[in-house]
Amino acid sequence: DISKIETGQLEAFNQKLLLYDFITKLYEFYKPNFNEKNIDFSLKLNFTDNAMEIITDEGKLNQVISNLLSNALKFTSDGNVELGCILRPGNLTFYVKDSGIGIDKSFHNKIFDRFRQAELEITRQYEGNGLGLAITKGFVELLGGEIWLESELGEGATFYFTIKLNVFKSKDTNPDESDVDEVKVIDEKQYKILVVDDDDESCLYLRELLAKFPEYETVVLTSGLDAIEYVKQHSVFDIVLLDIKMPDVSGYETATKLKVLHPELTLIAQTAYAFYNDKQKALEVGFDDYISKPILPEDLIRMLNKHLQIGL
């Protein structure tokens with residue numbers, strides 16, 4: 001496989017695939033392996049439509065997810081592993097999140113190289129030839145997507161990858177909305193939501209999601225400094241969704257300054273690092289709550305409803 005990838009001889013054999021059936025069967029297949037190690041293994045989807053069809057290479061998609069799950073199983077001695085799939089119009093993202101040994105940031109760009117293992121001193125006890133992630137990356141790119149990770153040493157890892165969504169068929173007109181049907185806001189009042197995130201895709205996703213609810217008036221900014229100045233000059237928002245990791249001013253510092261300006265302002269941290277220490281730090285600096293990335297629509301709407309006391 002690695003030879004074919006490097007010489008450009010690898011081909012994709014695309015066929016129709018029932019997405020829900022595929023991912024749930026893969027989850028059930030691996031669940032006994034995690035149970036054997038007493039690891040909590042969960043599946044998180046933002047859709048339930050079992051008639052949903054895509055066209056892709058099922059074998060290669062299966063191997064990509066299997067490789068990531070096998071790594072999560074190998075490098076997690078206890079805790080939890082989560083397999084997830086997020087469906088949006090034109091975009092299909094999978095992820096495998098674990099609470100294992102983690103990967104130092106200095107190795108993030110090297111981890112997908114052939115024969116490369118993250119840290120020899122740490123991984124010497126684990127079997128492997130260092131080709132798994134290189135092949136995984138090659139397969140993902142063949143499927144028209146990209147792969148990346150978020151991790152810190154000792155704090156677990158989350159591997160994300162996308163694939164090209166060639167064909168989409170469903171019994172629902174807008175399948176990505178099906179997961180928020182049960183939590184639609186019913187309220188005559190309009191609430192002001194400020195979204196602060198330096199990632200363009202995240203901003204677009206949250207803007208489109210909140211636009212489905214006329215009760216929300218949403219402003220999107222891409223930096224902490226802009227958020228601080230905007231709040232100084234404009235009326236108070238009901239809720240601020242604030243990303244933790246931003247290039248200019250961190251989410252923690254931004255939160256502290258926003259609370260000084262308006263102590264009653266509700267701040268919700270967006271964080272890809274959903275570990276205990278990160279949550280505690282968020283609460284200590286002034287955040288009222290936190291939500292883990294990738295953000296699922298039903299989780300976000302329920303959290304907003306809770307803090308706005310909608311339906312209470």
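Because the structure is a prediction, the values reported are computed rather than measured.
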Given the rule in the side chain to side chain contact (heavy atoms under 4.5 Å, CB included) test, do D57 and L142 qualify, once you have shown the distances and angles that lead to the verdict? CA-CA 9 Å; D57 187 320; L142 185 68; 5.5 Å; no
Can L87 and N46 be said to form a side chain to side chain contact (heavy atoms under 4.5 Å, CB included), step by step? CA-CA 7 Å; L87 178 66; N46 75 331; 3.7 Å; yes
Evaluation steps, salt bridge (Lys or Arg N to Asp or Glu O under 4.0 Å), between E229 and K232: CA-CA 5 Å; E229 290 303 313; K232 282 182 181 178; 3.4 Å; yes
Intermediate values then yes/no, side chain to side chain contact (heavy atoms under 4.5 Å, CB included), I23 and F94: CA-CA 10 Å; I23 196 72; F94 296 85; 4.0 Å; yes
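Considering all non-hydrogen atoms of both residues, T254 and G224 come closest at OG1-CA, 3.4 Å. Between T266 and D238, the shortest heavy-atom distance links the atoms CB-O, 3.5 Å. Nearest heavy-atom pair, L283 versus D289, reported as atom, atom and distance to 0.1 Å: CD2-N, 4.2 Å.
Residues V219 and V249 are members of separate hydrophobic clusters, defined by side-chain heavy-atom contacts under 4.5 angstrom among Ile, Leu, Val, Met, Phe, Trp and Tyr. Residues F22 and V64 are members of one and the same hydrophobic cluster, defined by side-chain heavy-atom contacts under 4.5 angstrom among Ile, Leu, Val, Met, Phe, Trp and Tyr. Under a hydrophobic-cluster definition in which Ile, Leu, Val, Met, Phe, Trp and Tyr are linked whenever side-chain heavy atoms come within less than 4.5 Å, directly or via other members, M246 and Y230 are assigned to the same cluster. If you chain together hydrophobic residues whose side chains sit under 4.5 Å apart, L261 and F237 fall into the same group. Linking ILVMFWY residues whenever their side-chain heavy atoms come closer than 4.5 Å, directly or via other members, leaves I65 and L18 in distinct clusters.
Separation of atoms CD1 (I147) and CZ (F139) is listed at 12.0 Å; rounding is to 0.5 Å. Atoms CG and NZ, on N33 and K74 in that order, are 13.5 Å from each other to the nearest 0.5 Å.
A search for side-chain hydrogen bond (donor to acceptor under 3.5 Å, both in side chains) contacts involving S66 returns Y30, N62, not counting sequence neighbours. Every residue two or more places apart in sequence or in another chain was checked for a side-chain hydrogen bond (donor to acceptor under 3.5 Å, both in side chains) with T222, and none qualifies. Residues passing the side-chain hydrogen bond (donor to acceptor under 3.5 Å, both in side chains) test with D21 are K25, sequence neighbours excluded. Residues that satisfy the side-chain hydrogen bond (donor to acceptor under 3.5 Å, both in side chains) test with D199, not counting sequence neighbours, are S202.
Among residue pairs with one or both ends in residues 36-47, those qualifying as salt bridge (charged side-chain N to carboxylate O under 4.0 Å, His left out) are K44-D299; sequence neighbours excluded. Pairs engaging residues 138-149 under the salt bridge (charged side-chain N to carboxylate O under 4.0 Å, His left out) rule: K137-E141 [sequence neighbours left out].
Each of T136, V96, L133, T76 was scored for a side-chain contact (heavy atoms from CB on, under 4.5 Å) with N71, with one residue passing: L133.
With no hydrogens or angles considered, a side-chain donor-acceptor pair links E82 and Y95 at under 3.5 Å. Checked by atom type, the side-chain pair D288/H307 shows no donor-acceptor distance below 3.5 Å.
Between K31 and E28 there is no salt bridge, since no side-chain N of the basic residue sits under 4.0 Å from a carboxylate O of the acidic one.
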